[in-house]
Each structure stands twice: as C-alpha cells, then as structure tokens.
2 protein chains.
Amino acid sequence: MPNMNDAKWTETLSFRLSTLGVLVADQYAEALAVHDLKPKHVGLLEVLGSGLAGSQLEIAKLMRVAPSLVVSLADHLESMGAIERLRDPADRRRQILSLTSEGRDLLAECTAKALVLDAKVAAELTSSQHAALSEALGRLAASYGLPVRK
Amino acid sequence: MPNMNDAKWTETLSFRLSTLGVLVADQYAEALAVHDLKPKHVGLLEVLGSGLAGSQLEIAKLMRVAPSLVVSLADHLESMGAIERLRDPADRRRQILSLTSEGRDLLAECTAKALVLDAKVAAELTSSQHAALSEALGRLAASYGLPVRK
DNA sequence: TATTGTTATACTCTATAACTATA
DNA sequence: TATAGTTATAGAGTATAACAATA
C-alpha cells in the first residue's frame, strides 16, 4: 500500500488564505479598472491621504516598492489630476507629492469600492463568522506590520 | 473643513485579506524554492494526486490556467522525475499524466511546508481566533468554488 | 561623493496565437 | 475539419542598473 498523504494541501490555512487573497485582490483590481487605476495607485493615494510620507523615496519604502515604480504610479496619478508634484524648496532634489481635491474624492470612491467587496464577502458568512474573520485578520495584519499593500 | 473620509482603505476586510493572502503566497513560494518549484507546480501535483484529471487539457481547465502553461509545468516536473507522461492508447493525441513515487513524496513535502506556514500563522492567534479564521476561510472557499490555486 | 528622482533595460509570469499530430 | 498538445510570441507588472540634477 502506497503512503497516503491525506493532509491535503488545498485544505490548509495557507492555501486558503493565499488563494482567497489573490481572488479578492483580482476582484478589487477589476472594480478599480473603471477609474483607470491599479491597486498600487490607490496605495499611493492612501499613503498621501494619511500624511505618512511626502517624498517619493519615503513613499517607495513605505509601500515596499522600487522607487522607479513610484515614478510611474505618480506620473499616472498626476496626469489624471489626482496628485500634485512640488519641488521641495529646502532640497530641490525632492518632489513633495500631495493629493488634490480630485485625488481625495478618487480615494474616497476607491475605498467605497473596497467596502462593496467587503459586503460581498460578509454576505457569505454569519455575522459572528464575519466578526471573527475581521478580528483574526486585524491581528495578523498587525503582527506582520502591514501598513500598505504589497 | 475638507471632507473627512475616515473609512480607511487599509482597514477594510478586502485590503487585509488580499494583502495577507499575497504575503502568505509569497512566503509559500519562498519555502518551495529549495525544491525548485513554484506554487503552480504543486497545484499540478495536487491535481494528479487527487485523481481529478488526467489529460493536460482537463488539468488546465481545473487549474483555470492556459493549456500552454500546463505544458511547461509538466515539462519541469517530468524533468525532475516527479511525474510521467503517457500517451493515451485510445486517443494518441492525449497525454495522461501521473505521479511517480518521487512525485508523491515531493507533494507530501510541499504539503508539510504549508503546514509549517500554517503553524506560523497560528502562532499569532489565540486558538479560538484560529478556529474562527479557519472556519470563515473554509466557508468562503466553498462559496467561491475554490478547488485549486489561481 | 552621496542622494533624489528618472529613464533604460531586463526578468517573471502568464496568456494568445500559430503550428503539429492525431482524430 | 476539429481537437490535444506544443512552440512562438506578446503583454503586464515590477525590479535593477545607468543616468541627471542637486546637495
């Protein structure tokens, strides 16, 4: 009799967490397409909205992303009028990025889309399951030091 | 006073689920690197192990992946000696894939890696949180019809 | 020289389309 | 003519490395 490895991979927490995560990420990306944005654009808006970073290099570190990627994300958002680039007068190498009022509105709309997705997830669960999921994910997010989308 | 959009994106379920999912997926990919495998290789092994599909086209449909990708995944696994390709005698266009005993061992090792990851996730949670997360993810996986990694 | 932002280039993953062999 | 598998090609997304301006 051959060995029976019945600890099925597809039933592990890791598998489900990563598969569902990718699935939700894809759905979110799809929901953003109408705004001509990718999730990382929203990540950048969120960083600016939270005031955690100003210069592009700081943003790159916070988002755990290459500085060159911040350039193209910012280029796109700037061309949409969602953000502004301002040379730092104190150090003219630095570009200080900030949300325009259009950018603030856009961020609010994107957050609303995420809440719609949340509602769809919630619809599959009892309210106590939902609360437990939310709490567990919150705990994990904190322990992994999750500030920004990777 | 400017509008205050304090429904923060980074605190939505969608954000946390997708971010944590990607994070765990990356960690799993890293854990597999020592075997020279990607998560989708393991997905293919799992499909063969579960006996749900034989021909490459059936596998592609089950994995929701392009048939051409199955070719390269199978090429790699075959070159490692983890699977065998056999022409279907009844229809010589079809290749029937099957696990070798090395392939079965490899699958078991990869499942073990996932269980290690599970343990790391579990370590961040109380046992009741862990149970709640597991149940909620199981429910979601079922409702999204999740068979195989996407 | 060191640092910020930018541009040029390359790499990974995956899909689509063209092709071969069987049916 | 249609189908299973394969090969060739292309695109998205992102990183690394080379470069320009400023410190």
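Treat the numbers as computed from the prediction; the structure is a model and nothing was measured. So that the names make sense, note that chain A is the first sequence line, chain B the second, and so on, each numbered from 1.
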Engineer: CD of B/Q56 versus C1' of D/dT3: gap in Å, rounded?
Structural biologist: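 Going from CD in B/Q56 over to C1' in D/dT3 covers 14 Å.
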Engineer: Rounded to whole angstrom units, what separation is found between the CZ atom of B/R94 and the P atom of C/dT20?
Structural biologist: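 In whole Å, C/dT20 P and B/R94 CZ are 23 Å from each other.
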Engineer: Please report the distance, rounded to the nearest Å, between CG in A/D26 and C1' in C/dC13.
Structural biologist: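 After rounding, the gap between these two atoms is 13 Å.
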Engineer: If you only use heavy atoms from C-beta on, which nucleotide in C/dA2, C/dA8, C/dA15 is closest to the side chain of A/R93?
Structural biologist: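 Selected nucleotide: C/dA2.
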Engineer: Find the bend of the helix from C/dT1-D/dA23 to C/dA23-D/dT1 as the angle between its two terminal axes (five pairs each), to the nearest 10°.
Structural biologist: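 Rounded value for the end-axis angle: 30°.
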Engineer: Do B/Q56 and B/R85 have side-chain atoms, one donor and one acceptor, less than 3.5 Å apart?
Structural biologist: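 On atom types as modelled, these side chains qualify, holding a pair under 3.5 Å.
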Engineer: Picking from D/dG5, D/dA23, C/dA17, which would you name as closest to the side chain of B/Q95?
Structural biologist: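 Within the option list, the nearest is D/dG5.
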Engineer: Please list all pairs passing the ring pair (Phe, Tyr, Trp, His ring centres under 6.0 Å) test where one or both residues lie in residues 99-140 of chain A, with sequence neighbours left out.
Structural biologist: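 Found none.
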Engineer: Please classify the nucleic acid contact of B/D88 as base, sugar-phosphate, or nothing, using heavy-atom distances under 4.0 Å.
Structural biologist: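 B/D88: no heavy atom of the nucleic acid under 4.0 Å.
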Engineer: Rounded to the nearest angstrom, tell me the gap between atom CG in A/L69 and atom P in D/dT14.
Structural biologist: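 That distance rounds to 6 Å.
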Engineer: According to a strict under-4.0 Å criterion, is B/K40 in side-chain N/O contact with OP1 or OP2 of C/dC13?
Structural biologist: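 No.
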Engineer: Would you check if the side chain of A/T100 reaches a backbone N or O of A/A82 as a donor-acceptor pair within less than 3.5 Å?
Structural biologist: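 The answer is yes, because a donor-acceptor pair under 3.5 Å joins these two groups.
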Engineer: Do A/L106 and A/L37 come close enough that some side-chain heavy atom pair is under 4.5 Å?
Structural biologist: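 With C-beta onward as the side chain, the pair touches.
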Engineer: Assess whether salt bridge (Lys or Arg N to Asp or Glu O under 4.0 Å) is satisfied between B/K40 and B/E46, documenting all intermediate values.
Structural biologist: CA-CA 9 Å; B/K40 291 213 164 138; B/E46 175 74 23; over 6 Å; no
Engineer: Is there a side-chain contact between B/R85 and the phosphate of D/dT6, meaning an N or O under 4.0 Å from OP1 or OP2?
Structural biologist: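 Yes.
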Engineer: Using a 4.0 Å heavy-atom cut-off across all strands, classify A/S72 as base, sugar-phosphate, or nothing.
Structural biologist: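 No contact at all - A/S72 keeps every heavy atom at 4.0 Å or more from the nucleic acid.
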Engineer: Give a yes or no on whether a salt bridge exists between A/E109 and A/R104, defined as a side-chain N under 4.0 angstrom from a carboxylate O.
Structural biologist: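 No, A/E109 and A/R104 are not salt-bridged.
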